[in-house]
Engineer: 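Before I ask anything, here is the structure I am working with.
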Amino acid sequence: MDEFENEPTKEQKIWQVVAAIPPGNVASYGQVAAMAGLGRQARFVGQALGKLPAGHSIPWHRVLRSNGQIAFPEGTETRQLQTEKLRLEGVEVNKGKVSMKRFQWQP
DNA sequence: ACATTGACATGAT
DNA sequence: AATCATGCCAATG
């Protein structure tokens, strides 16, 4: 019954937070986790983003590691795609790394 | 119910 | 700067 009352699941919260990151800015997994009220579940953030359905409008590419590095290994298309998207938004990416000092999102 | 995995973080070496 | 080890917590097998 009330199963249809979708309470905001953790994933939904994560998506919400990620969606709130303005273009040209980035956030770390840990930051997103903390903002979604998940505490230190930085890892779960990645998992949640991995479960994103097709056709989502979530700017997952704005989420990086705490050190500004992209979470994917080199040679993967996902990483390349993320890099490109970030550059298109004006974020400088060098060797899969972003200058956090400049682009980290501060609410 | 237990073991393993994971788009991480942080501190030590 | 790079690598290793430990912590975290949920999902999955």
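Naming convention: chains lettered A, B, ... in sequence-line order (proteins, then strands); numbering from 1 in each chain. What's counted below: heavy atoms across the whole structure, side chains too, no hydrogens, waters or symmetry copies.
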Engineer: Taking only residues two or more places apart in sequence, or in another chain, which ones meet A:Arg87 in a salt bridge (Lys or Arg N to Asp or Glu O under 4.0 Å)?
Structural biologist: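 For A:Arg87 there are no salt bridge (Lys or Arg N to Asp or Glu O under 4.0 Å) partners, ignoring immediate neighbours.
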Engineer: Within this structure, what is the CD1-to-P distance between A:Ile70 and B:dA9, rounded to whole angstrom?
Structural biologist: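 Rounding to the nearest Å, CD1 of A:Ile70 and P of B:dA9 are 13 Å apart.
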Engineer: Write down the distance between CD (A:Gln69) and P (B:dA9), rounded to a whole number of angstrom.
Structural biologist: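 In whole Å, B:dA9 P and A:Gln69 CD are 11 Å from each other.
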Engineer: Would you be so kind as to tabulate the donor-acceptor pairs closer than 3.5 Å made by side chains of residues 22-35 of chain A, with sequence neighbours excluded?
Structural biologist:
unit_1, atom_1, unit_2, atom_2, d
A:Asn25, ND2, A:Pro23, O, 3.4
A:Ser28, OG, A:Gln31, N, 3.1
A:Gln31, OE1, A:Gln104, NE2, 3.4
A:Gln31, NE2, A:Trp105, O, 3.0

Engineer: Within this structure, what is the OG1-CD distance for the pair A:Thr83 and A:Glu74, rounded to the nearest 0.5 Å?
Structural biologist: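 The OG1 atom of A:Thr83 sits 9.5 Å away from the CD atom of A:Glu74.
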Engineer: Taking atom CD1 of A:Ile58 and atom CD of A:Glu11, what is their separation to the nearest 0.5 Å?
Structural biologist: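 With rounding to 0.5 Å, CD1 (A:Ile58) is 11.5 Å from CD (A:Glu11).
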Engineer: Which residue pairs pass the salt bridge (Lys or Arg N to Asp or Glu O under 4.0 Å) test with at least one member in residues 61-72 of chain A, sequence neighbours excluded?
Structural biologist: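 Those involving residues 61-72 of chain A are A:Arg62-A:Glu89.
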Engineer: Roughly how far, to the nearest 0.5 Å, is the CD1 atom of A:Ile70 from the CD atom of A:Gln80?
Structural biologist: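 It is 10.5 Å, given to the nearest 0.5 Å.
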Engineer: With the side chain counted from C-beta on, respond yes when A:Lys10 and A:Phe44 share a heavy-atom pair under 4.5 Å apart, and no when they do not.
Structural biologist: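 With C-beta onward as the side chain, the pair touches.
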Engineer: What is the distance from CG of A:Asn67 to C1' of B:dA9, rounded to the nearest Å?
Structural biologist: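 Those two atoms, CG and C1', are 10 Å apart.
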Engineer: Can you give me the closest heavy-atom contact between A:Gln69 and A:Leu64, atom names plus distance?
Structural biologist: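 Shortest heavy-atom separation between A:Gln69 and A:Leu64 comes out as O-CB, 3.6 Å.
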Engineer: In the structure I gave you, are the side-chain heavy atoms of A:Val93 and A:Phe103 within less than 4.5 Å of one another anywhere?
Structural biologist: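 When only atoms from C-beta onward are counted, A:Phe103 and A:Val93 do not touch, as no gap falls below 4.5 Å.
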Engineer: Counting C-beta onward and ignoring hydrogens, is there a side-chain heavy-atom pair between A:Trp15 and A:Leu49 closer than 4.5 Å?
Structural biologist: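 Sidechains of A:Leu49 and A:Trp15: in contact.
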Engineer: Using a heavy-atom distance cut-off of less than 4.0 Å, which residues of residues 75-107 of chain A contact DNA chain B?
Structural biologist: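 Residues of residues 75-107 of chain A under 4.0 Å from DNA chain B: none.
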Engineer: Contact list please: residues 21-32 of chain A against DNA chain B, heavy atoms, distance less than 4.0 Å, in numerical order.
Structural biologist: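 Listed by number, they are A:Ser28, A:Tyr29, A:Gly30.
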Engineer: All N/O contacts under 3.5 Å from nucleotides 10-13 of chain C to the protein, with atom names and distances to one decimal?
Structural biologist:
unit_1, atom_1, unit_2, atom_2, d
C:dA10, O4', A:Gln41, NE2, 3.0
C:dA11, O3', A:Lys51, NZ, 3.2
C:dT12, OP1, A:Lys51, NZ, 3.2

